[in-house]
Amino acid sequence: MENIRVRFAPSPTGYLHVGGARTAIFNWLFARKHGGKFLLRIEDTDVARSGEEMVAAIIQSMQWLGLNWDGEIVYQSARLEVYKTQAAQLIADGKAYKCFCSKEELESKRQNAAREKLDYKYKHDRICLSRKTEEITAFEKEGRPFVVRFKLPEGETVFSDRVYGEIRVNHAQLDDFIIQRSDGYPTYHLAVVVDDHEMAISHIIRGDDHLSNTPKHVLLFHAFGWACPIFVHVPLILGPDKQRLSKRHGATAVGEYEKSGYLAEAFLNFLSLLGWSSGDDRELFSREELIQEFDLSGIQKKSAGFDEKKLEWLNGQYLMALTDRKLLELVTPEFLKTGLISNDYVAKNEAYLLKIIALMKPRLKRLVEISEMSCYFFKDPQTYEEKAVKKHWKGPEIIEQLNRLKNRLENLDDFKVSLLEPVIRSLAEELDKGAGKVIHPLRLALTGVSFSPGIFEVMELLGKDRVIKRLKTAIHFLESHAIEHAET
Ligand code: GLU
C-alpha cells in the first residue's frame, strides 16, 4: 500500500457526533497502519449552519481522542474561488450549464408533475440548456441569479465499494444535479470531488449515508477526467431500538462522553469496534494494537449497535488498569468540582485518598461517579437510602443488634480488617443469622447506602471514631423513628 492519503471531512454544523468520530478513527487507523497521511478538512460551505465554535469543538474532541492529523487543516470556505473555477471549466467543456429557472417556476413544474403522479426531473425539459447565448448574456447583465447544473449523461454509473462491492446506478434515477448554488457557493458534491482530487485522496472512508451521493461524485470525477479514489462506506451506528443513533438515544456528541467521565483510550477502543472486527472475539485493544490490526476487510456491512453498557464495561477495564496514583490524578478534578473536598485537603490527605481509590477502582465505571460513590469517606451520611432502610432495618431487634455491635467495636483497640471480620461474624452466629444480616444494616449505618466495597475495608479506612459515631447516629435515628411509629 503506497501513498495512502485519507481525510476526515466534518461539516461544522454540530459537535463531533459519535458516528463522525468512528469515521475519523477508521481513517486515522488506516493511515497510521500504512504510514500514510490523515488529513482534516472542514466542510464549512453551509455558512448559515456552520460555526467557529463547532469547528473548535470538533478539533477539541479529535485531540481528546488522540486523532492527530497531518499538515494544515483545509477549510472549504477559503477555497470558494477554486470551486468556481472548476464549475466554470465544466461549463466551458459543455458538461455543466447555468440554470436561471426560479424556485417558483420549478416548484410549479414539480406540482404539475405530482398531479399526474409523475416524478419531476429538470433534465426532462432542460430549458436552460437550450437557451441562446444572447439570452444568457442578457440574463447575466441584469444580474439574474443562477445555479450551475451538471449535465447528466445517458447510461449508468458503476463503481466499486470496498464494503458494499459493485454498485450500479441507472441514470434514470438521477437528475441534472446542482453543483453551484445561486449564492456562488459550491454544493457538497462539487466541493468534495474537487478537494478529494486536489488533496490526492487515495481512499474515501465515510459513513454509508453518503453511498447515495457517490454516483454523483463518480460522474464528476469522470467529467473532470480525474481518477476516482477507492470508496469505503462504513455502516451506520444504530441505537438499541435499531434506529439510527440520534439524540433520542442519549448523548451523541463525543464531548458529552468526555464530560461524563469516559477515558479517551476506552472510547477509542469502543468506537473502533463499531462496524469493524479483527476477526476474533477480542474486545480490548490498545491504540497500538488497533493500528496494527486494523484492516479495511474487517469492516462489516451490518449496521453496528451502540451499546452503552459495553462502553461502561470497557471503561471500567481501562480504569482498572490504571495505577492508584494515576486514577487519583484523574478523579481529583471531579472531587473538587463537586466541592466534596478542597485542594488543601487533597494535598494533606494523599495516603488516605490513595486507599479510597484502591477500594473504589474495581467498582468505578466512569470518572464522574467517584464523588457520589465515595462521599461517605469524607462526610457522615446525611440521609439513609429509603429502600435499604425498609429492607435492612426491619423490626425493633435491629436497634439491639446495632447496639451490641457498637459495644463490641468500642472494645477493639485496633481497627484492622483481620480483627473486624471475626467480631461481625461471631455476632451473626450468636444471633443465629447469616453474616449478611449483620453486614447490610451495618453498611447502611456507616455509608447511608446499600452498595459499597467490602465493609471491613470500609470500616478500617473510616477508623474507629467515625464508625462508632455513625453507629450511634443510626441507632438514634432508629429510636426516634420507632417512637414516631409508636405514636401514630
Ligand atoms: N462533510 C460530510 C459530512 O459531514 C462528509 C463528506 C465526506 O466524507 O465525503 O457528512
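Atoms within a ligand are numbered from 1 in the order they appear, just like the ligands themselves. Positions are given from 1 along the sequence.
Counting atoms of ligand 1 from 1 in the listed order, those under 4.0 Å from a heavy atom of Val192 are 9 (O). Remark: ligand 1 atoms within the under-4.0 Å shell around heavy atoms of Tyr188 are 6 (C), 7 (C), 9 (O). Interface atoms of ligand 1 facing Ser11, defined by a heavy-atom separation under 4.0 Å, are 1 (N), 2 (C), 3 (C), 4 (O).
Note on ligand 1: Arg7 sits in its first shell, one or more heavy atoms being nearer than 4.0 Å.
In terms of N/O distances under 3.5 Å, ligand 1 is approached by Ala9.
Ring geometry, Phe30 versus His34: the interplanar angle exceeds 60°, so the pair is classed perpendicular (tilted spans 30 to 60°).
Heavy-atom proximity to atom 1 (N) of ligand 1, evaluated over Arg206, Glu43, Arg41, is greatest for Glu43.
Geometrically, Arg287 does not engage Phe285 in a cation-pi contact defined by less than 6.0 Å to the ring centre and at most 45° from the axis. Figure legend: Arg110 and Tyr120 shown without cation-pi pairing, the cationic atom not lying both under 6.0 angstrom from the six-membered ring centre and within 45 degrees of its axis. Both tests do not hold together for Lys33 against Phe294: distance to the six-membered ring centre under 6.0 Å, angle to the ring axis within 45°.
Classification of Lys355 and Glu457 as a salt-bridged pair fails, no side-chain N sitting under 4.0 Å from a carboxylate O. Taking 4.0 Å as the cut-off between side-chain N and carboxylate O, Asp196 and Arg41 count as a salt-bridged pair.
Considering only non-hydrogen protein atoms, atom 10 (O) of ligand 1 sits nearest to His210 NE2, 2.8 Å.
The residue Phe8 has no part lying near ligand 1, judged by heavy-atom distances below 4.0 Å.
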